[in-house]
Amino acid sequence: MADSVADSVTAAGDQHRRHGTREAVLFGGVYGAVLASSLVAALTQYGHTSAASRRYDALWLLVTAFASALAHGYAHYIAERTPQRRWEVLRSLADEWPLVMTVLPTVFLLAGAGWGWWRPNGIEYIAFGMNIAILFGLGLFTARGSGRGWVAATLIGVMDAALGLIVVVANAFIK
């Protein structure tokens, strides 16, 4: 009897903690795209746009994405108040893959500018535009995937993109 109660509590905890892939992609993707835009804005605040500074920016963005994913996954793990197995911490960390994946295009842009594939000056504006497009796409496709109509899905995409626009506008005012 005690084992069946513990099993049902653990199963309920797994159902409560585990989110669907669509939800994880939307959450991690939005978080990652806003993080990427914010960090690019912060790192280019003082006009350091040399190739070396862009390589540095790419590395810091990657380190920050991994640190954020680890912190977020670990926070989910310790915040659960249900019995957990040891391996579940690894699953909690692995669930944060969308956050890291979403920053990789920005890392690629910055690293490419650092390696001389394109001009390092002004690449932040391309990164901002790309992250706004990613935010729009994430909102649109996840809303469509959850059964919403085109109008509602487009509005959700626009609202997600607005998060990226807030970062761009804040960056313009801060500079």
Side-chain angles (χ1 to χ4, degrees), residues 8-44 58 61-62 64-82 84 88-112 118 122-175:
S8 65
V9 168
T10 302
D14 284 347
Q15 289 172 357
H16 173 70
R17 187 181 66 74
R18 300 291 293 169
H19 300 290
T21 302
R22 185 179 302 120
E23 181 182 350
V25 168
L26 179 62
F27 179 82
V30 168
Y31 189 97
V34 172
L35 175 73
S37 291
S38 299
L39 199 54
V40 167
L43 290 169
T44 59
L61 179 55
L62 197 56
T64 302
F66 275 108
S68 296
L70 287 172
H72 192 259
Y74 185 67
H76 273 290
Y77 175 75
I78 62 173
E80 294 298 319
R81 303 218 182 254
T82 59
Q84 297 178 3
E88 288 181 1
V89 70
L90 297 176
R91 190 169 68 184
S92 292
L93 297 175
D95 286 345
E96 300 302 319
W97 67 266
L99 188 158
V100 176
M101 294 301 294
T102 305
V103 303
L104 291 180
T106 304
V107 169
F108 176 77
L109 280 176
L110 295 171
W118 39 80
I123 197 71
E124 67 270 19
Y125 300 111
I126 295 170
F128 291 151
M130 180 183 62
N131 286 317
I132 291 168
I134 288 170
L135 286 164
F136 176 78
L138 282 169
L140 177 73
F141 292 119
T142 55
R144 287 291 299 154
S146 66
R148 295 219 165 98
W150 279 104
V151 173
T154 302
L155 288 173
I156 290 170
V158 168
M159 293 304 294
D160 283 358
L163 293 171
L165 285 173
I166 290 168
V167 173
V168 172
V169 170
N171 181 54
F173 281 115
I174 291 170
K175 282 187 174 183

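Looking at heavy atoms from C-beta onward, F136 lies in side-chain contact with L140 at the 4.5 angstrom threshold. Residues V25 and W97 form a side-chain contact, since some pair of their non-hydrogen atoms from C-beta on lies under 4.5 Å apart. In this structure the side chain of I126 never reaches within 4.5 angstrom of the side chain of W118, judged on heavy atoms.
Counting all heavy atoms, side chain and backbone alike, A65 lies closest to L99 at O-CD2, 3.5 Å. Taking both residues in full, the closest heavy atoms of T102 and G32 are given as CG2-C, 4.0 Å, listed atom of the first, atom of the second, then distance. Nearest heavy-atom pair across V100 and A69 is CG2-CB, 3.8 Å. Summarising the geometry of G29 relative to P98, their closest heavy-atom pair is N-CB, 4.1 Å, with the distance given to 0.1 Å. Nearest approach of L62 to V107, heavy atoms of both residues: N-CG2, 4.1 Å. What you find for L39 and L61 is that their closest heavy atoms are CD2-CA, 3.4 Å.
Atom CG of L138 sits about 7.0 Å away from atom CG of D160, to the nearest 0.5 Å. Within the model, atoms CG of L165 and CZ of F128 stand 11.0 Å from one another, a figure rounded to the nearest 0.5 Å. Here CG of L109 is found 11.5 Å from CG of L104. Values are rounded to the nearest 0.5 Å. To the nearest 0.5 angstrom, M130 atom CE is 9.5 Å from F108 atom CZ.
Annotation: side-chain hydrogen bond (donor to acceptor under 3.5 Å, both in side chains) contacts involving residues 25-37, sequence neighbours excluded, comprise S37-N131.
Not a single ring-ring contact (aromatic ring centres under 6.0 Å, His included) links F66 to another residue, sequence neighbours left out.
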Got a list of side-chain donor-acceptor pairs under 3.5 Å for residues 147-159, not counting sequence neighbours?
residue, atom, partner, partner atom, Å
T154, OG1, W150, O, 2.7

